[in-house]
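Shown next, in structure tokens, is the structure this report addresses.
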Amino acid sequence: MSRHLRIPVADAVLDGNDTEGQGYPVLLLNSFMGTQADWSATKALLAGRCRVVSYDERGRGRSGGSKDYSFAGCLDGLAAVLAATGVRKPVLVGWSLGAALAVRYAAAHPGEISALVLVDGAFPVSRLSEVETERVREVLKPMSPLMRVLIRLGVGDRMTPVQGARAQLELDEICGGLGPYYDLLDCPVGFITAAQAHAYDTQERVDRMRASLTPLIESHPNFRLAASVPGTHSYITSEHADVIAATVVQLVGEVGPAHDDAS
């Protein structure tokens, strides 16, 4: 039976779910604007095999709004969910933003994560060029005083387009600097990539991002390309839940029995 979670973190309350049980603990980490619903098919395939925990980020899904949509705030949310559920040494399954969160969290907590499954994300390169990044920053600058007023008035609790753009810029910079964090990982990592370009990007740029995994995998014996699937980034969790679930099960089989939970 799934347990509904309401987890306070800073000025927000995160909405989550925990299937509980004795299976290997798995924490699902959403894409930038994704919700727990995106993992429905994956959850169904892991039912009875794994204890699956999911949650919505601040200002998304059923979670409350916040004044803080930073990457650091997302990491705080991840830590709060783990503390609230009491799971030990979970497998982190991250898609897009969630993949970058998984890498950074595991790098900062050696020995505490069993494995990572990174779904079309956490590519160790920036998607935007310096020129493109600066153009976006220039567009956002005139809006910042207004946004500060709205946030103080409580109007900006749910993520606005401006806040979202700033958070996306920060994520792009963080992904570009992920290389050293990959070197700190002490657990196996399975990458799953999509083959086609996003609806909002070019095939050339997406191919460059995904190609950045090749030297990374070659230089880390515990990293692997688990699968490259047809389709696009946006639909990978709904169209290829079977591949994601199979990768989780394979890694769980390799890392050994689940640890006793504190729940």
Counting only pairs under 3.5 Å, give me each side-chain donor-acceptor contact of residues 179-191, with atom names and distances, residues two or more places apart or in other chains.
unit_1	atom_1	unit_2	atom_2	d
Tyr182	OH	Ala122	O	2.6
Asp183	OD1	His220	NE2	2.8
Asp186	OD2	Gly111	N	2.8

Let me have the donor-acceptor pairs involving side chains of residues 37-48, under 3.5 Å, with sequence neighbours excluded, atom names and distances please.
unit_1	atom_1	unit_2	atom_2	d
Asp38	OD2	Thr35	N	2.9
Trp39	NE1	Asn30	OD1	2.9
Ser40	OG	Ala37	O	2.8
Lys43	NZ	Ser54	OG	2.6

Nearest-0.5 Å distance, CZ of residue Arg166 to CD of residue Gln168: 13.5 Å

Pair Asp15-His4, side-chain donor/acceptor within less than 3.5 Å: yes

Sidechain N-carboxylate O distance under 4.0 Å for Arg127, Glu173: no

SG on Cys74 to CG on Leu171, rounded to 0.5 Å: 9.0 Å

Side chain to side chain, Gln36 and Asn17, heavy atoms closer than 4.5 Å: yes

Heavy-atom closest pair, residues Gly256 and Tyr24: O-CE1, 3.0 Å

Axial cation check for Tyr55 ring with Arg60, 6.0 Å and 45° limits: no

Connected via hydrophobic side-chain network under 4.5 Å: Ile7 and Val13: no

Closest non-hydrogen atom pair, Ala194 against His233: CB-N, 3.9 Å

Atom pair OG (Ser70) and CD (Gln163), whose distance is rounded to the nearest 0.5 Å: 11.0 Å

Beyond-backbone contact of Arg104 with Phe71, side-chain heavy atoms, under 4.5 angstrom: yes

Derivation and outcome, side-chain contact (heavy atoms from CB on, under 4.5 Å), residues Ser63 and Glu57: CA-CA 6 Å; Ser63 288; Glu57 291 287 356; over 6 Å; no

Minimum side-chain heavy-atom gap Pro90-Leu82 below 4.5 Å: yes

Salt bridge (Lys or Arg N to Asp or Glu O under 4.0 Å) between Asp56 and Arg62, intermediate numbers included: CA-CA 7 Å; Asp56 292 325; Arg62 296 182 177 179; over 6 Å; no

Heavy-atom closest contact (Ser212 atom, Val125 atom, distance): CB-CG1, 3.7 Å

Donor + acceptor pair across side chains of Asp68, Ser66 (<3.5 Å): no

Derivation of the side-chain contact (heavy atoms from CB on, under 4.5 Å) call for Phe123 and Arg208: CA-CA 10 Å; Phe123 303 110; Arg208 175 181 63 83; over 6 Å; no

Distance-minimising heavy-atom pair for Thr85 and Val53: CG2-CG1, 4.0 Å

Side-chain touch Leu75/Leu101, heavy atoms, less than 4.5 angstrom: yes

Shared hydrophobic cluster for Leu216 and Val206 (ILVMFWY, side-chain gaps under 4.5 Å): no

Ala115 versus Val255, closest heavy-atom pair with distance: CB-CG1, 4.4 Å

Pairwise side-chain contact, Tyr105 with Glu112, heavy-atom cut-off 4.5 Å (strictly under): yes

Heavy-atom side-chain contact between Val87 and Leu27 under 4.5 Å: no

Spacing of Leu97 atom CG and Ser31 atom OG [to the nearest 0.5 Å]: 7.5 Å

Approximate separation, where rounding is to 0.5 Å, of Ile236 CD1 and Thr193 OG1: 7.0 Å

Closest non-hydrogen atom pair, Thr232 against Ala197: CG2-O, 3.4 Å

Residues 245-253 side chain polar contacts: donor-acceptor under 3.5 Å, at least two apart:
unit_1	atom_1	unit_2	atom_2	d
Thr247	OG1	Val243	O	2.8

Validation row: Arg58, Leu14 side chains within 4.5 angstrom (heavy atoms): yes

Value rounded to 0.5 Å, distance of CD in Glu254 from CG in Asn222: 10.5 Å

Audit row: Asp207, Arg205, side-chain contact (heavy atoms from CB on, under 4.5 Å) steps and yes/no: CA-CA 5 Å; Asp207 287 347; Arg205 178 157 29 200; over 6 Å; no

Heavy-atom side-chain contact between Lys89 and Pro25 under 4.5 Å: no

Residues Leu78, His109; criterion side-chain contact (heavy atoms from CB on, under 4.5 Å); working and verdict: CA-CA 12 Å; Leu78 194 167; His109 297 82; over 6 Å; no

Within 6.0 Å of CZ in Arg210, more than 12 heavy atoms from elsewhere: yes

